[in-house]
Amino acid sequence: QPQHVVDVVAALEARGEAVDAVHLNAGFADPFGTPVNPATGIEGMFQAMHVSHFMLTELLLESRERQGHDGAPLRVVQTSSATHHLCALPYAMLPTSTHAVVEAVVGYAPGCVDSKYLEVGSRRPTSPASYIQSKMSNMLHTLELPRRHPGKVTAVAVDLGWVSTNIQPWMQLAVSPSDLLWMRFAQKGVKPVVLALTTATDQLPSHQFGGKKAGGFMISSLGQVSAPYQYPWWSGLAGAGVVENDKRAAALWEASVAWMAVIAGSCKAPGASA
C-alpha cells in the first residue's frame, strides 16, 4: 500500500539513514485476478510492481537530498523478467496485417505500455497480460531513471530466470523443480541481483551504452549485461523499437508522476493516527 511506502521512507530518514541502494522486488502473478485497488484506482499488479517502485524511488531520492547526501548515486535495481519480450515477440513473428488479430488474442498492443494502457488498461481489473505489462514497465522505468535524475541514479533491471524459491508450496516438495532441472536453484538465480547491487559504479558498463543519455541497462539471468531492447525482435518491430520505447518510457514517467501526486496527497503524515 502507498501508505507503507511513505512510512518506510519517513522512518529511515528519522533515524538519519540515507539509503545507498534499493532492490525493487515487489511482484506476483495472480492467475485468479487482482482487483483495482480501491484506494488508488489502479490495477493491483501494476500498482505493486511499478507504481509502488516508482514512488519509493522518488521518495528515497528526495530524502537523500534533504539529508545532504552527496556520495555515490542511488543504486536502483529492479526485478524485471524475460517475459517483457512477449511485448514484441508475437508481433515480430507475424506479418503486420495480422497484428489486429494478435492484439485481440494476447490483450496488448506492440510494446504493451502504450497510451491506451496508461489511460485505461492500468485502471482495469487484472487481465492475463497484466504481469507482462508490469514487467515491461520495470524496464521502461529503468531506462528513464538516469535521464530524469542525471548523476543521482544508477539504474539496473535484472532478469532472474525461472527460479525455485519457497514462495510457493509446490516448490517445496521433497523433489523440487530445481531437482528436476526445470527451474534454477535460488543460489544461482540470485546472481544477477548480487552483481547489480555490489559491482562498483566505475566498473559498471553503462558507458558502453552512451552513458546518462542511454538511461539504465539490464543484466540477464546468465549475468550478461546489455542495453534494453537490443534483441532483433525489438529493432525489427514497427512501433516497438528503441526510439518508440524511449517515448514509452517518457510517457510512463509522466503518468507515474501524476499518479504519485494523487496517491501521496491521500496518504497520512507518518505517525498520524488513523
Side-chain angles (χ1 to χ4, degrees), residues 1-10 13 19 22 24 26-27 34-66 74 76 78-80 84 87 107-127 129-150 152-153 155 157 212-213 215-216 228-229 239-240 243-270 272:
Q1 293 294 337
Q3 186 67 54
H4 298 160
V5 175
V6 172
D7 291 344
V8 164
V9 176
E13 186 169 338
V19 174
V22 58
L24 304 174
T34 304
V36 169
N37 187 305
T40 64
I42 300 172
E43 185 270 315
M45 280 193 200
F46 183 67
Q47 176 171 307
M49 287 189 266
H50 170 68
V51 178
S52 67
H53 288 175
F54 182 90
M55 190 170 178
L56 177 59
T57 303
E58 293 303 299
L59 291 179
L60 286 174
L61 286 166
E62 292 173 7
S63 176
R64 281 163 58 96
E65 187 171 344
R66 285 192 296 270
L74 176 65
V76 179
Q78 300 209 54
T79 299
S80 184
H84 82 276
C87 293
Y108 53 84
C112 281
V113 183
D114 57 359
S115 58
K116 181 179 178 181
Y117 174 74
L118 293 177
E119 294 167 7
V120 181
S122 59
R123 297 182 177 277
R124 289 179 175 171
T126 300
S127 74
S130 294
Y131 182 85
I132 298 168
Q133 289 165 319
S134 296
K135 290 304 181 182
M136 178 68 171
S137 297
N138 294 153
M139 293 300 302
L140 295 173
H141 186 204
T142 298
L143 193 65
E144 191 72 3
L145 258 172
R147 296 171 177 167
R148 301 291 179 146
H149 297 290
K152 297 181 179 180
V153 172
K212 297 172 185 175
K213 292 183 179 179
Y229 311 116
V243 173
E244 291 83 3
N245 283 329
D246 282 348
K247 294 178 180 177
R248 285 189 178 88
L252 175 63
W253 185 278
E254 297 300 334
S256 300
V257 168
W259 286 322
M260 179 174 168
V262 173
I263 293 170
S266 67
C267 291
K268 299 181 179 64

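This chain uses plain numbering: 1 for the first residue, then up along the sequence.
Contact annotation: the side chain of T142 never approaches that of V76 to less than 4.5 Å [non-hydrogen atoms, C-beta and beyond]. In this structure, the side chains of F46 and V113 stay at 4.5 Å or more apart for every pair of heavy atoms. Between V5 and I263, the closest side-chain pair of non-hydrogen atoms is not below 4.5 Å. With a 4.5 Å cut-off on side-chain heavy atoms, Y117 and C112 do not count as touching. Between T79 and N138, the closest side-chain pair of non-hydrogen atoms is not below 4.5 Å.
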Item to check | Residues E144, R147; criterion salt bridge (charged side-chain N to carboxylate O under 4.0 Å, His left out); working and verdict | outcome: CA-CA 5 Å; E144 191 72 3; R147 296 171 177 167; 3.3 Å; yes
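When all heavy atoms are compared, the tightest approach of V19 to R64 is O-NH1, 2.7 Å. Here the closest non-hydrogen pair linking L252 and S137 is CD2-O, 3.7 Å. When all heavy atoms are compared, the tightest approach of P146 to V153 is CB-O, 4.1 Å. Closest non-hydrogen pair, A157 versus M139, comes out as CB-SD, 3.5 Å.
Under the 30°/60° scheme for interplanar angles, the aromatic rings of Y229 and H84 are found to stand perpendicular.
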Pairs under 3.5 angstrom only: tabulate donor-acceptor contacts from the side chains of residues 48-58 to other protein residues two or more places apart or in another chain.
{"unit_1": "H50", "atom_1": "NE2", "unit_2": "S256", "atom_2": "OG", "d": "2.7"}
{"unit_1": "S52", "atom_1": "OG", "unit_2": "Q47", "atom_2": "O", "d": "3.3"}
{"unit_1": "S52", "atom_1": "OG", "unit_2": "A48", "atom_2": "O", "d": "2.5"}
{"unit_1": "H53", "atom_1": "ND1", "unit_2": "M49", "atom_2": "O", "d": "2.8"}
{"unit_1": "H53", "atom_1": "NE2", "unit_2": "A26", "atom_2": "N", "d": "3.3"}
{"unit_1": "T57", "atom_1": "OG1", "unit_2": "H53", "atom_2": "O", "d": "2.8"}
{"unit_1": "E58", "atom_1": "OE1", "unit_2": "H149", "atom_2": "NE2", "d": "3.1"}
{"unit_1": "E58", "atom_1": "OE2", "unit_2": "H149", "atom_2": "NE2", "d": "3.0"}

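In this structure, S80 OG and M136 CE are separated by 9.0 Å, a value rounded to the nearest 0.5 Å. Atom CD of E65 sits about 13.0 Å away from atom CG of L60, to the nearest 0.5 Å. One finds the CZ atom of R248 at 12.0 Å from the CG atom of L143 (value rounded to the nearest 0.5 Å). E244 CD to D114 CG: the interatomic distance, rounded to the nearest 0.5 Å, is 12.5 Å. The OG atom of S134 lies 7.0 Å from the CE atom of M45; values are rounded to the nearest 0.5 Å. Atoms CD and CG, from Q78 and L140 in turn, are 10.0 Å apart once rounded to the nearest 0.5 Å.
In this structure E254 satisfies the side-chain hydrogen bond (donor to acceptor under 3.5 Å, both in side chains) test together with R148, sequence neighbours excluded.
Using a distance-only test at 3.5 Å, with no hydrogens or angles considered, no donor-acceptor pair links the side chain of K116 to the main chain of Y108.
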